[in-house]
S.K.: 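First the structure, which I've put down as structure tokens, then a few questions once you've had a look.
Here is how names work: the chains are called A, B, and so on, in the same order as the sequence lines, proteins then strands, and each is numbered from 1.
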Amino acid sequence: MSAADHAHDAHHEPGWVSKYIFPLDHKIIGMQYLFTGMFMALIGGFLVYAFRMQLAFPGIEVPFYGKVTPGDYNSLITNHGTIMVFWVAMPVLIAAFGNFLIPLMIGCDDMVFPRINRLSYQIFFISAVIILASFFVEGGGFGGAWTAYPPLSAKAEYSLTPLGSSMWLVAVALEFVAFLLGGINFITTAMNSRAPGMKMFDVPIVVWMIVIASILFMASVGPLIAGAVMMFMDQVIGTTFYDPSAGGDPVLWQHLFWFFGHPEVYVVLLPAMGIVAEIIAVFARKKLFAYKTILYTTFATGILSFFVWAHHQFIAGIDPRMANVFTVTTLLISIPIAEMLFIYIASLWGGSITLSTPMLWALAFIAEFLIGGVTGIFLGASGADVYFHDTYFVIAHFHYTFFPIAFIAVFAGLTHWFPKMFGRLMNETAGKIHFWGTIIPFNFIFIPLFVLGSAGQHRRIYNYQHFPELATTELQNLRVLATMALVTLIVFQIVFLTNFFWSIFFGPKAGENPWKGTTLEWVTASPPPHGNFKEMPTVYRGPYEYGVPGRDDDYWPQHLPNES
Amino acid sequence: MKPIATTRSATGIPTGRLAVWWVIVSEIVIFGGLLASYIMHRIGHPEWANYSIHTNIYAGAFNTWVLLTSSFFAVCAHNAVEMGNNKKAAKLLMVTTGFGLVFLVVKFFEWSHEIELGYTITANTFWSFYYTAAGIHGLHVIAGMILMIWIANDVRQNKEVQRVELIANYWHFVDLVWVFLFPLLYIAK
Amino acid sequence: MIESLVEPLSTYASDLDFLVNLVAWFTGIWLVLSEGVFFWLIWKYRAKEGVRSEYITGEEAHQKRWVTWPHYAVLVCDVFIIYFAVTVWVDIKQTLPPAEATVRIISQQWGWTFQHPGPDNKLDTKDDIRTTDELHVKVGTTYHYKLESLDVLHDFSVPVFRLKQDAIPGRVITGWFKATGTGEHDIQCAEICGIAHGMMGGRIFIETPEEHEKWMQSQSEGMVASKIDDKALSTTVAAVGVP
Ligand code: HEA
Ligand code: HEA
Ligand code: CUA
Ligand SMILES: [Cu+2]
């Protein structure tokens, strides 16, 4: 050990403001992302509550909101979708977990560019403020859907939200910049700053997944950034990039958006899969089945994801012959993802499974995501998508993927790493009540939506009474059922929030390694000090050495030297 | 105090160089998306050839020469640092910046003339692309110049000398973008 | 699956329903199988006192085949699904059987204008019948539609036909349908188009030839006046270019 490896010499505790408001420490920046993301989740949840109440009981005064006008409705769903994807799923899964876990799990003391890291959060914070402010400006928030198709989004005379549209666009663009900066940091840190002895295949899956997700993001978002600049100029100075009457083309945006948008769904999926992998390994006391194959399927998914985007545009006026190509690529992507899921399931074989709260969430992720995945096949089959496009079947499909990602996997990760983050344990009973109180209502929200979608209910409609075939009592009952389930789900979140904040201050002390994990974050104190490790660890083996025959303990941490 | 993370290099590539490459990758996709959009439009609108005639090929060609020459000086600056001659490197970086300035001045006159003739950014979609693509590129030139002045200042005091290489790489990338823009916007018929 | 919720009323509707059922079976079996194995493993390998987990890398061939064979089987299912999906797609979107009648569908914020060919069965003649939010078609007749938009994107969707097509300003999109049963059904705008997107419904009346004849007569007597300003419409149609 060289002197430089003794981190505590190099780091002295900074003052309160520079520690918590303008931190350079990756853990605090991670917390900033986490709490901002949780706050935005409450907003996203409130918006969905408001518009689902309107759908179930059209025209009522929604408690805590008021009347939902058609214009309100559009801006509620638009911002619900945008916030949940860009201000909840992305910051929590990639930025919060990425910032917190990457340096700890690869055994170093910080990100390689702490200042860029801080800048990334600051830009993100500003973007969050802008999207929230956009509700309160003249004309209200943007209501052209999270996909923001022009000409509707590009011209105020069509959208009637002159300021809202531009603020939405600027906020999203800034969010992209924040994640580009963060991504560069994650990638270079993971590539260069691994602990001595940690080879490529000794890196925990969740780190791989976050890094691959960052690369996917970086490689797909560029064209959309260019597209956003063009859109902004169309909105503000009247250029005609998307205006067909002067030589522009509205469909161009759709290509730019989905060229990003489809990889984006895997950008959020992969970190979630990574979190789940870590938890399964710990609570099944099992080495992950075929570690390398998991990585290969991830690479395959990542590469294929660049060639499927037009499955969102089958009926959007693209050349119908192209649809056939995209049907093939879309269905092919089911193969690596299926294989990945099969591997996760196979990892349970021969395990010793404890159904703790984090494990329940992790297992629920797989059970629920399978439903979301297979329903994607209905949509990928171009012929069937002619019917399903823009119906609630699509809504149900992607909530069965997004909700498991943005909430189930996040709850899994939070309950799993909570002891490391705050040094205390959460309450298990409350955790289980919250689990069942979330999972059961979740299915009751979205299974009815599959039925509604199959019955032809289309999206982004504030009131179905204008469509006689959709205004029947049977269908309305399903809508009420979904809304009631949502309200139930929201009520059970109180259990989580109480447990979470109570445990931060009053939970029992956790100790360094409460779950008997093997990866490096469990080596140091909980919460880890500034600089992370008292003594920088060296790595001697892969991340999932559980149940190794011939050892007393059923786990063999990565940092312990081999006994001779 | 720099984190230990910064001092490690598991890949053998210095962290700064690695990061700049990733920055360049993300920039390539941004410009890639913009140019791909332009090319698709261009193929769909043969009549745009009638608008691109009004661009000034001579100014464009001169500017291409300016940027390529500036890149040469950036290479020289890098070499100077390698040889340990930091004062010279700083000077060469300032020369590179100077060429960047020439580029911008030429652009300024070129654009003022075109705008006077009524070829503004809102004239039609060709001109929208013309100004947007060159404008975003111009912003990159300006950013590169600011960074170069800053780095030259550090290098003069023998600080952060490895950054000369990094800014040189970035500057080459900015040149390369222009090498694509010039034929696409000015020459293509 | 969907045929029990929405009547299939076009020549391709039942093919599409068949495709949906096929996908439902293929993916359904996999779903049940995967979930079954999954829950069974959770139960079988629950933690038991004194029983340690096994050390399985999953890297050896005899272990890996438990995931590789299923994934080849998934590939086979994919091939079937692709085959039927493309067949249905080609039928709906890529082929254009000769028209027996043509209608023009003009969408705008927030309503539909339908231009029927009228008694002479030719579009863009004097006797064309123009209606708002009501489309009248004859059962058993192959129609071409020419779909246009005057402002933003809209989407012409007729669930009973299983037909959906975006309307794009600046383009005229041609497609077809042939109704197989009569009745009055919903037309939806299935692409968000601004504040009143949620009110942009229409009705399609699928009529027997006699009923259709009667309706045309009632129209030529000028019973229903078009709500759309004629002049605005003809200028925009000219701008779009009548093909
Ligand atoms: C993280 C989110 C996420 C994920 C992971 C996915 C995954 C998939 N999605 Fe989804 N999708 C969205 C989020 C996501 N999607 C969103 C947000 C939209 C709508 C956006 C909007 O319009 O607003 C959308 C819309 C959407 C559409 C467009 C629908 C339309 O608008 O008309 C399509 C069409 O092909 C599609 C397909 C797929 C496919 C094939 C997968 C595949 O990756 C799934 C692969 C997984 C499996 C298949 C399950 C495991 C496999 C087995 C159990 C084996 C058995 C399988 C077979 C026999 C094939 N999705
Ligand atoms: C990550 C993405 C995500 C998530 C999680 C959700 C969550 C939910 N969504 Fe969302 N939704 C979208 C993305 C998402 N949605 C998108 C992209 C659209 C399309 C928009 C468009 O058309 O433009 C959409 C549209 C959409 C519609 C269609 C509207 C329409 O077309 O008319 C509906 C309808 O019911 C709906 C419902 C719900 C419901 C009931 C939930 C519930 O599951 C929500 C429950 C969550 C909460 C109540 C919050 C709880 C908060 C905490 C517990 C705090 C702690 C948080 C953390 C630890 C993170 N959504
Ligand atoms: Cu027209 Cu929606
Ligand atoms: Cu997709």
S.K.: Less than 4.5 Å to any heavy atom of chain B: does that hold for the side chain of A/Phe259, its backbone, both, or neither?
M.R.: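 It is neither, since no heavy atom gets under 4.5 Å.
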S.K.: Would you kindly say whether A/Asp109 and A/Asn532 are connected by a side-chain donor-acceptor distance under 3.5 Å?
M.R.: no
S.K.: Any luck finding a side-chain donor-acceptor pair between B/Ser71 and B/His172 under 3.5 Å?
M.R.: yes
S.K.: Report which part of A/Ile215 has an atom under 4.5 Å of a heavy atom belonging to chain B: side chain, backbone, both, or neither.
M.R.: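 Side chain only.
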S.K.: Need one label for A/Leu180: side chain, backbone, both or neither, based on atoms under 4.5 Å from any heavy atom in chain B.
M.R.: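 The side chain, not the backbone.
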S.K.: Shortest non-hydrogen contact from A/Pro263 to A/Trp258?
M.R.: CD-O, 3.9 Å
S.K.: Please identify, among A/Leu181, A/Ile106, A/Ile187, A/Ile225, the residue contributing the most non-hydrogen atom pairs under 4.5 Å to chain B.
M.R.: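 If we count pairs closer than 4.5 Å to chain B, A/Ile187 comes out on top.
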S.K.: So which of B/Val23, B/Ile28, B/Thr122 has the biggest tally of heavy-atom pairs under 4.5 Å with chain A?
M.R.: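 Among B/Val23, B/Ile28, B/Thr122, the one with the most close pairs to chain A is B/Thr122.
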S.K.: Please answer whether the main-chain N or O of A/Thr240 pairs with a side-chain N or O of A/Asp234 as donor and acceptor at a distance below 3.5 Å.
M.R.: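 Yes; judged by distance alone, with no hydrogens or angles, the pair exists.
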S.K.: Give, as side chain, backbone, both or neither, the part of B/Ile13 having an atom under 4.5 angstrom from any heavy atom of chain A.
M.R.: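 Contact with chain A: backbone only.
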S.K.: A/Met111 versus chain B, heavy atoms under 4.5 Å apart: side chain, backbone, both or neither?
M.R.: backbone
S.K.: Taking B/Ser37, B/Gly33, B/Ala123 one by one, which has the highest count of heavy-atom pairs under 4.5 Å against chain A?
M.R.: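 Heavy-atom pairs under 4.5 Å are most numerous for B/Ser37.
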S.K.: What are the two closest heavy atoms between A/Phe186 and A/Ser214, and how far apart are they?
M.R.: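 Between these two residues, the closest heavy atoms are CD1-OG, 3.7 Å.
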S.K.: Hey, would you say the A/Trp309 and A/Phe257 ring centroids sit under 6.0 Å apart?
M.R.: no
S.K.: Considering only heavy atoms and a distance below 4.5 Å, find which of B/Thr6, B/Leu35, B/Thr7 pairs most often with chain A.
M.R.: B/Thr6
S.K.: What part of A/Thr189 gets within 4.5 angstrom of chain B, counting heavy atoms only: side chain, backbone, both, or neither?
M.R.: neither
S.K.: For each of A/Met218, A/Met198, A/Met233, tally heavy-atom pairs with chain B at distances under 4.5 Å, and name the one with the top tally.
M.R.: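 Option with the greatest count: A/Met218.
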S.K.: Above 12 or not: heavy atoms from other molecules or residues under 6.0 Å from CZ of A/Phe201?
M.R.: yes
S.K.: Please determine, by modelled atom types, if A/His530 and A/Asp110 share a side-chain donor-acceptor pair under 3.5 angstrom.
M.R.: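 There is no such pair between these side chains.
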S.K.: Sort out for me which of B/Trp48, B/Phe129, B/Trp21, B/Phe31 touches chain A most, counting heavy-atom pairs under 4.5 Å.
M.R.: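 The candidate making the most pairs under 4.5 Å is B/Phe129.
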